[in-house]
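Given the structure is predicted, the values throughout are model-derived calculations rather than measurements. Below, chain A is the first sequence line, B the second, and so on; all start at residue 1.
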Amino acid sequence: MIKRDALLKPLPLVSIAILSIPIFVGYLWVFMRTFTTRMYGMSPVGELTLRNWTFIVTDPLLWHLTLNTFVLAMGLTVGIVLVSCSAAYPLSRMSFPGRKGFLALTLVLHAFPSVVLLIAIFVVLNYLSRVPLIGRGLPLIGGVGYNTLGGVILVSIAFLLPLGVWLMKGFFDNISWDLERAALIDGCSRFRTWRQILVPQIRPGIAALGIFAFMHGWSSFIIPYTFMVDQQTAVISTYLNLLASGEQLMDYGVVSAVALFQLVPILAFYVFTQKYLLTIFGGGMKGGT
Amino acid sequence: MKMELVNLSKKFGDVYAVKNVSLAAEDGELVALLGPSGCGKTTTLLSIAGVYRPTEGEILFNGLCVNKMQPKERDIGMVFQSYALYPHMNAYQNIVFSLVLRKRPKDEMERAAKRVSEMLGIGHLLKRKAAELSGGQQQRVALARALIKEPKLLLFDEPLSNLDARLRLSMREEIKRLQVQLGITSIYVTHDQVEAMTMADRVAVMHDGELLAYVPPEELHERPRTEFIATFIGSPSMNLADVTVDNTGGSAHAVLKNGVSVKIPKERLPRMPQRGNAVRLGIRPEDVSVVAERSADVQARVTFVESLGRENLVVCDVGGQRIQCLTGPGQKPPLDSTVGLKLDMSRAHYFDPESQVSLLWEN
């Protein structure tokens with residue numbers, strides 16, 4: 001028996017390792033390709049070179065796009081956290097007509113494929129961009145209309161909201177009522193209770209949702225690709241697509257290097273924050289209507 | 001401050017959580033709301049606190065209706081079962097939070113915090129976070145937080161339930177001492193009858209949202225008005241047996257189902273129910289003693305013996321009727337043996353089997 005247990009114990013790890021091999025080989029290939037001029041299967045041909053990485057110093061556009069990507073990811077993070085936290089509180093704590101229906105509807109929306117809505121959203125954004133100032137006159141994000149970073153952030157927030165609201169509602173549900181009552185008796189208003197007593201309790205949830213949203217925003221493709229057509233407003237993922245589908249012959253070395261360039265920050269970010277990310281599963285599961 | 005509830009009702013949906021409760025707590029009194037879980041005692045307390053708005057009826061503070069007042073306007077302090085300390089603040093910040101919200105000057109806050117924390121012996125713990133305090137210390141901080149406002153009314157929601165038995169005893173004493181010393185009117189919710197009996201000046205027994213009795217603790221034990229109160233108060237709970245009262249031929253007897261009859265003393269003779277002469281006899285385990293068979297009232301078979309330390313709980317079977325009695329530490333009859341039981345009928349209670357109202361005490 002003991003012998004069998006000893007054999008079985010590493011089994012999950014071994015199976016995960018085996019299943020991960022194709023993915024790992026893919027990344028390894030990309031990594032090696034950035035330092036070579038040509039690959040034959042998994043082995044580099046010719047001398048190792050840094051030529052593929054020269055864009056870091058020679059291509060100012062890429063840095064501009066990195067900034068765009070960062071603004072998109074940060075905008076999504078801040079927006080989703082703010083809206084989810086404030087929407088989840090009443091959904092968790094107050095009873096009002098339509099509460100259950102709203103919760104069910106958001107869940108359905110979450111299951112709805114976002115691609116289907118792209119055309120409709122284009123119409124809305126196009127309309128929005130005709131609104132003066134907020135349409136396309138804002139600094140940094142450009143506005144909230146079509147072909148602006150702000151518009152893409154707005155749409156991304158909307159698509160991620162069901163997840164965020166449900167997740168935050170789960171965290172609010174876990175806070176004891178007594179805490180809120182104590183604050184009420186001490187003299188807090190409902191809003192102050194939310195801001196000063198309850199929100200500090202769900203910081204792990206906010207961290208988790210924030211990290212998730214940031215990573216989601218950093219690597220999102222379909223929404224930026226559809227709603228931002230200028231090179232000036234593009235993000236790294238759409239730039240990658242441009243490089244890979246351009247008219248000239250595709251340079252796999254440069255494509256790999258840019259891909260890796262996009263990957264590195266998110267990888268580092270993940271390593272440092274995975275502890276918080278895991279609380280999504282710790283706190284988000286207990287929620288109910 | 002005098003606190004009064006007048007026909008207080010609270011409905012959740014179609015269900016009454018509290019139904020037509022009226023009671024008054026005099027200035028400086030500690031009133032316990034006692035009842036099993038789900039009986040509406042916490043709902044009543046939260047209505048007094050202003051967290052719930054009553055469906056019907058009025059809550060009066062010194063004769064003034066406070067139904068529409070916000071909790072913070074009511075001048076109350078509340079202590080919760082879960083302590084409900086703010087986890088992200090340290091003990092000091094927890095205690096002074098209500099003063100911070102009222103924008104009191106800093107030195108006043110510090111003085112007030114010093115006063116209450118010394119009163120509760122937690123002066124050395126003020127810098128600690130809630131999670132770094134033991135249960136008893138957390139409860140003291142919670143008490144300090146309630147007292148710093150110098151409230152006119154203190155509300156306790158099962159404050160000792162989460163503490164271990166020994167700590168519960170000392171905190172019970174301390175809360176009572178503070179309450180008497182400060183003379184603050186208090187409402188104390190508990191499901192623990194010992195807590196209610198020892199601490200309260202008057203006990204309000206609640207069941208299914210209704211107020212069954214509102215009397216001083218001794219009276220609750222000695223003169224239970226209903227069968228529910230009789231069995232709920234006292235541990236182990238009162239024995240109940242269906243008997244018929246035979247009042248023919250000079251002296252009254254209670255006749256058990258199996259034909260055994262026990263004499264009822266004249267001064268303890270119950271009123272007769274409206275129909276028939278069947279009543280329910282109630283007798284507390286401490287009023288039943290195991291005696292030699294010849295001087296016994298009834299013969300019984302021992303079915304179970306439980307040692308409670310100071311005394312033994314002997315469960316007997318009297319012709320299908322289960323009777324519990326308490327015996328001294330040396331007296332431990334063997335299982336399945338036949339023993340004699342003597343019932344102290346001068347301490348027996350009688351209830352109407354239909355309305356379950358006492359046939360001895362006026363309602």
*Atom CZ of A/Phe261: over 12 foreign heavy atoms under 6.0 Å*: yes
*Apply the test side-chain contact (heavy atoms from CB on, under 4.5 Å) to residues A/Arg181 and B/Asp157: give CA-CA distance (whole Å), side-chain angles for both, the deciding distance (0.1 Å), then the verdict.*
CA-CA 12 Å; A/Arg181 289 171 184 154; B/Asp157 185 11; 5.6 Å; no
*Which distance, rounded to the nearest 0.5 Å, do you find between the OH of B/Tyr86 and the CG of A/Leu198?*
10.0 Å
_Minimum heavy-atom distance A/Ala182-B/Ala84, with the two atoms named_ = CB-O, 4.0 Å
*asked:* Take a 6.0 Å sphere around CZ of A/Phe269 and say whether it holds more than 12 heavy atoms from other residues, nucleotides or ligands.
replied: yes
*Determine, stepwise, if the pair B/Arg74 / A/Ile185 fulfils side-chain contact (heavy atoms from CB on, under 4.5 Å).*
CA-CA 9 Å; B/Arg74 295 191 183 199; A/Ile185 288 168; over 6 Å; no
*Which distance, rounded to the nearest 0.5 Å, do you find between the CE of B/Met78 and the CG of A/Asp186?*
11.5 Å
*Do you know the tightest heavy-atom contact between A/Leu179 and B/Leu85?*
CD1-O, 3.2 Å
*Counting N and O atoms only, with roles assigned by atom type, does the side chain of B/His88 sit under 3.5 Å from a partner on the main chain of A/Gln196, one being a donor and the other an acceptor?*
yes
*Shortest non-hydrogen contact between B/Ser82 and A/Asp178, atoms and distance*: OG-OD2, 3.0 Å
*asked:* For the interface with chain A, which of B/Ala142, B/Pro87, B/Pro151 has the highest count of heavy-atom pairs at distances below 4.5 Å?
replied: B/Pro87
_Residue B/Lys152 excluded, over 12 heavy atoms near NZ under 6.0 Å_ = no
_Residues, nucleotides or ligands: over 12 heavy atoms within 6.0 Å of A/Tyr27 OH_ = no
*Evaluate the side-chain proximity of B/Phe97 to A/Ile197: yes if any heavy-atom separation is below 4.5 Å, no if none is.*
yes
*Name the region of B/Leu46, side chain, backbone, both or neither, that has any atom closer than 4.5 Å to a heavy atom of chain A.*
side chain
*asked:* Would you say CZ of A/Phe272 has more than 12 non-hydrogen atoms from neighbouring residues, nucleotides or ligands within 6.0 angstrom?
replied: no
